Q: 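Mind having a look at this structure? Questions to follow.
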Amino acid sequence: MNKDKNIPVGFSLEQGDLNRPSTGRPVIYANNGIISSGHYLTSMAGMKMLLSGGNAFDALVSSTIAAAVIEPIASYSLGAEAVYMLYDAKNDEIISLCGQGTLSLQATPSFFQNKGLENIPTGPGQNAPLSFTVPGVVKSSLSLLMQYGTKSVEEVFAPAIEYADKGIPNYEYMIERLNSGDSVKQFELFPPGGKEIFFDNDELPKPGTLLVQKALGKVLKMMVDAENNAIGHRNDRILAASKCFYEDELADLISNESKSVGGILQKEDLESYSEKYETPIDISFMGHKIHSHSTWTQGPVLLQALNILENFDLKSMGHNSSQYIHTIVEALKLALADREAFYGDPDFSTIPIDGLISKEYAKERSKMISMDKASPGLPDYGNPWAFSKSDGKVSAQPFYDKSLESDNQHEAGTTHISIIDRHGNMACSTPSGGAFNKSVFFSELGFALSTRSEMTNLVDGHPNVAAPGKRPRTSIINYIISKDDVPIMTVGCPGGDAQTQGNLQMILNTLLWGMNPQEASEAPRFSSDSAPNSFYPHTYLPGNLSMEDGFAEEVKSELTKLGHKITYAATCGMGATVVKRDPSSGVLSAGADPRRACYAIGY
């Protein structure tokens, strides 16, 4: 019998189900391979590689390149960047791969200050070309293919080329993004922009109509041709494809297009760029290790926050209760204060990373959290040098205008892709950049260029000060989690500065609350705006707390009494993904965020 004891169970099951599922979408389970991404066609590109004998790294490269065709409005352009977290099962090695592009060799603070600028600007507006950043996604993806993949450039690029040449159906999420923000204004400032490609006679396209991107398809085919015309072994041919983009014909086209709009990017910037492989940094949390990129990203914010939260009994507070949210937000504020003071490219500055992620430092910082009152703005940064083996001091800090307004309904685009194959390899990427409203879309290339240089500042001596060839402190991040030294899951959550905060909540949802990958992604999220935004113009909203639908009014009322300024946000990070592998059975599982057109596929 069901809850109504007068109705037999058999009758209920004939008509429907006894209970509604806990999520709007099912968890996807598989044995041989699994992928989750920001769009079903992006996922299909990677799945084709797995089904044809490729590994997770082949699949990740294919999906990452395909996403530039499938999700250019929603997420990123080919002329942008990506970060990757990888697990190579054969060598039992976790790897951080940086595909974040670098600043132009002209990008000194004086270059911008001599133009009367206090920050590096982006669009909307005529100054967008001053923030052009070296595209990193192509070189890093091809390097990943060469070192860890098995297939050719032609094979992994094939889905993207087909999508570009034959077209993909326009979909609702993409059209909504076209209809919001300032993309059209930016197209008109630098005509023709993308109006002739993404619009139908200046009108928004209808869902289901075809989006054809011939210029982008041509660019991809030029790299395939370079591979096929090269002499030598597989690695030589892949290098030829990379050289086509960074040194030869495509490099000339990119630099000429940049020059035509007064852009800072030159051919020598492309020629000097190199991807970078690094050992991730990590902390322990609840019997697991959380592996992150270093301070050239905002990734360590999550590690710092988890260390701080270990000093509180979160479980007793209840999931998404007012005390639970308050404690997490206050811990994040402390970590974000340190992000602003100490994070930057460690190749250019001494960063006290050992101090920043030490348990002792976190315990000291945790004492600053009041359970009765929210910090009214960004707290003071700490002194991680006291817990570090390195010596240093705090630099001068940038000034941030508290009067600027923010649009919480139209987050900047990013996407995330995560894959596990039958060998136990794990590979995830978070590609981003080249947003239409911030950059310049070049119709001859079929893509826009990254403007990530905006994330640096012009303060002499600061670890994130602009410098030629330097990595900006990027917002894009992802993580691998291991238990007993065995990687068991990847986590990623696109969404600008909400990324660390969204990822933190998903990790807690999974490890602390025992949620499955779909539940962890679907649970309502929140995000503190009480720190200067990484993106120009660096909006700073002291005390502001963005919250999605799904939180009880009583919880929001209690948070307001604690001093949080509650603001509604349609999404606090979108496209979140948890992908897991059970080390005892080998069973794979994945979720897909319903906040956008995400889909998981397994076999």
Side-chain angles (χ1 to χ4, degrees), residues 68 72 76-81 99-139 181-195 197 215-216 219 222 244-274 412-413 432-458 466-472 474 535-537:
Y76 96 104
S77 274
L78 191 69
E81 54 265 336
Q100 171 58 61
T102 52
L103 274 68
S104 167
L105 298 176
Q106 298 183 78
T108 62
S110 60
F111 174 89
F112 301 100
Q113 290 164 343
N114 290 341
K115 297 179 183 296
L117 299 169
E118 296 180 354
N119 292 293
I120 299 178
T122 61
Q126 291 282 1
N127 283 330
L130 295 178
S131 60
F132 284 169
T133 309
V134 178
V137 68
V138 170
K139 195 160 195 174
D182 298 293
S183 297
V184 174
K185 292 180 182 178
Q186 201 67 359
F187 288 162
E188 292 172 346
L189 274 178
F190 299 95
K195 289 186 72 175
I197 298 172
L216 183 54
V219 165
M222 287 171 68
C244 175
F245 193 95
Y246 288 90
E247 298 179 37
D248 296 336
E249 188 174 358
L250 283 172
D252 289 328
L253 288 172
I254 293 168
S255 60
N256 288 339
E257 291 282 26
S258 174
K259 184 178 180 181
S260 73
V261 295
I264 192 173
L265 193 69
Q266 298 180 334
K267 186 177 181 180
E268 62 180 333
D269 300 320
L270 295 160
E271 292 172 332
S272 64
Y273 177 72
S274 180
S432 184
F436 291 172
N437 66 326
K438 299 173 72 67
S439 184
V440 177
F441 184 89
F442 296 108
S443 58
E444 292 299 312
L445 293 169
F447 59 79
L449 289 171
S450 167
T451 57
R452 195 72 57 170
S453 299
E454 66 181 305
M455 294 190 172
T456 58
N457 60 55
L458 306 180
K470 185 177 186 177
R471 292 176 290 185
T474 190
F535 293 91
Y536 178 83

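Quantities reported herein were computed from a predicted structural model and do not represent experimental measurements.
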Q: Given the rule in the side-chain contact (heavy atoms from CB on, under 4.5 Å) test, do Phe442 and Leu449 qualify, once you have shown the distances and angles that lead to the verdict?
A: CA-CA 8 Å; Phe442 296 108; Leu449 289 171; 3.7 Å; yes

Q: Tell me, do Asn119 and Leu458 make a side-chain contact under 4.5 Å, heavy atoms counted?
A: no

Q: Identify the heavy atoms of Phe132 and Ser258 that sit nearest to each other, and give their distance.
A: CD1-OG, 3.5 Å

Q: Considering residues at least two apart in sequence or located in another chain, which fulfil the side-chain hydrogen bond (donor to acceptor under 3.5 Å, both in side chains) criterion with Glu454?
A: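 Per chain and number, Glu454 pairs via side-chain hydrogen bond (donor to acceptor under 3.5 Å, both in side chains) with Lys438, Thr451.
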
Q: What residues, two or more places apart in sequence or in another chain, satisfy salt bridge (Lys or Arg N to Asp or Glu O under 4.0 Å) together with Glu188?
A: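 Applying salt bridge (Lys or Arg N to Asp or Glu O under 4.0 Å) to Glu188 gives Lys195.
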
Q: Can you name the residues that form a side-chain hydrogen bond (donor to acceptor under 3.5 Å, both in side chains) with Ser131, not counting sequence neighbours?
A: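 By the side-chain hydrogen bond (donor to acceptor under 3.5 Å, both in side chains) rule, Ser131 matches no residue at all.
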
Q: First locate atom CE of Met455, then atom CD of Gln100, and finally report the distance between them rounded to the nearest 0.5 Å.
A: 8.0 Å

Q: Return the orientation label for the Phe436 and Phe187 ring planes: parallel under 30°, perpendicular over 60°, tilted otherwise.
A: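 Rings of Phe436 and Phe187: tilted, as their planes differ by 30° to 60°.
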
Q: What pair of heavy atoms forms the shortest contact from Ser450 to Ala80, and how long is it?
A: CB-CA, 3.8 Å

Q: Quick check against the 3.5 Å criterion: does Tyr246 have a side-chain atom that pairs as donor or acceptor with the backbone of Lys139?
A: yes

Q: Can you see which heavy atom on Pro135 is nearest to which on Leu78, and at what distance?
A: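 Closest approach of Pro135 to Leu78, heavy atoms only: CB-O, 4.5 Å.
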
Q: To the nearest 0.5 Å, how far apart are CD in Glu257 and CG in Leu445?
A: 5.0 Å

Q: Leu105 versus Gln266: any side-chain heavy-atom pair under 4.5 Å?
A: no

Q: Nearest heavy-atom pair of Pro472 and Leu103: which atoms, and what distance?
A: CD-CD1, 3.7 Å

Q: How long is the straight-line distance from CE of Met222 back to CG of Leu250, given to the nearest 0.5 Å?
A: 4.0 Å

Q: Has Gln126 got more than 12 heavy atoms of other residues, nucleotides or ligands less than 6.0 Å from its CD?
A: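 It does: Gln126 CD has more than 12 such atoms within range.
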
Q: Which distance, rounded to the nearest 0.5 Å, do you find between the CG of Asn437 and the NZ of Lys185?
A: 10.5 Å

Q: Not counting sequence neighbours, which residues clear side-chain hydrogen bond (donor to acceptor under 3.5 Å, both in side chains) with Thr102? List them please.
A: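 Thr102: no side-chain hydrogen bond (donor to acceptor under 3.5 Å, both in side chains) contacts found.
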
Q: Is any side-chain heavy atom of Thr133 closer than 4.5 Å to one of Leu265?
A: no

Q: Ignoring hydrogens, what is the shortest heavy-atom contact between Gly262 and Leu130? Give both atom names and the distance.
A: O-CD2, 4.3 Å

Q: Any side-chain hydrogen bond (donor to acceptor under 3.5 Å, both in side chains) pairs touching residues 103-114, not counting sequence neighbours?
A: Ser104-Asp269, Thr108-Ser110

Q: Does some side-chain heavy atom of Ile254 sit less than 4.5 Å from a side-chain heavy atom of Phe447?
A: yes

Q: If every non-hydrogen atom of Glu444 is compared with every non-hydrogen atom of Ala215, which pair is closest and at what distance?
A: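 Of all heavy-atom pairs spanning Glu444 and Ala215, the closest is O-CB, 3.7 Å.
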
Q: Answer whether the closest heavy-atom distance between the side chains of Ser183 and Gln186 falls below 4.5 Å.
A: no

Q: Begin with the C-alpha distance, continue with both residues' side-chain angles, and end with the deciding distance and a verdict on side-chain contact (heavy atoms from CB on, under 4.5 Å) for Phe112 and Ile264.
A: CA-CA 11 Å; Phe112 301 100; Ile264 192 173; 3.9 Å; yes

Q: Please report whether the ring centroid of Phe441 lies less than 6.0 Å from that of Phe190.
A: no

Q: What distance do Asp248 atom CG and Glu271 atom CD have between them, rounded to the nearest 0.5 Å?
A: 8.5 Å

Q: Sequence neighbours left out, what passes side-chain hydrogen bond (donor to acceptor under 3.5 Å, both in side chains) with Lys267? Give chain and number order.
A: Asp252

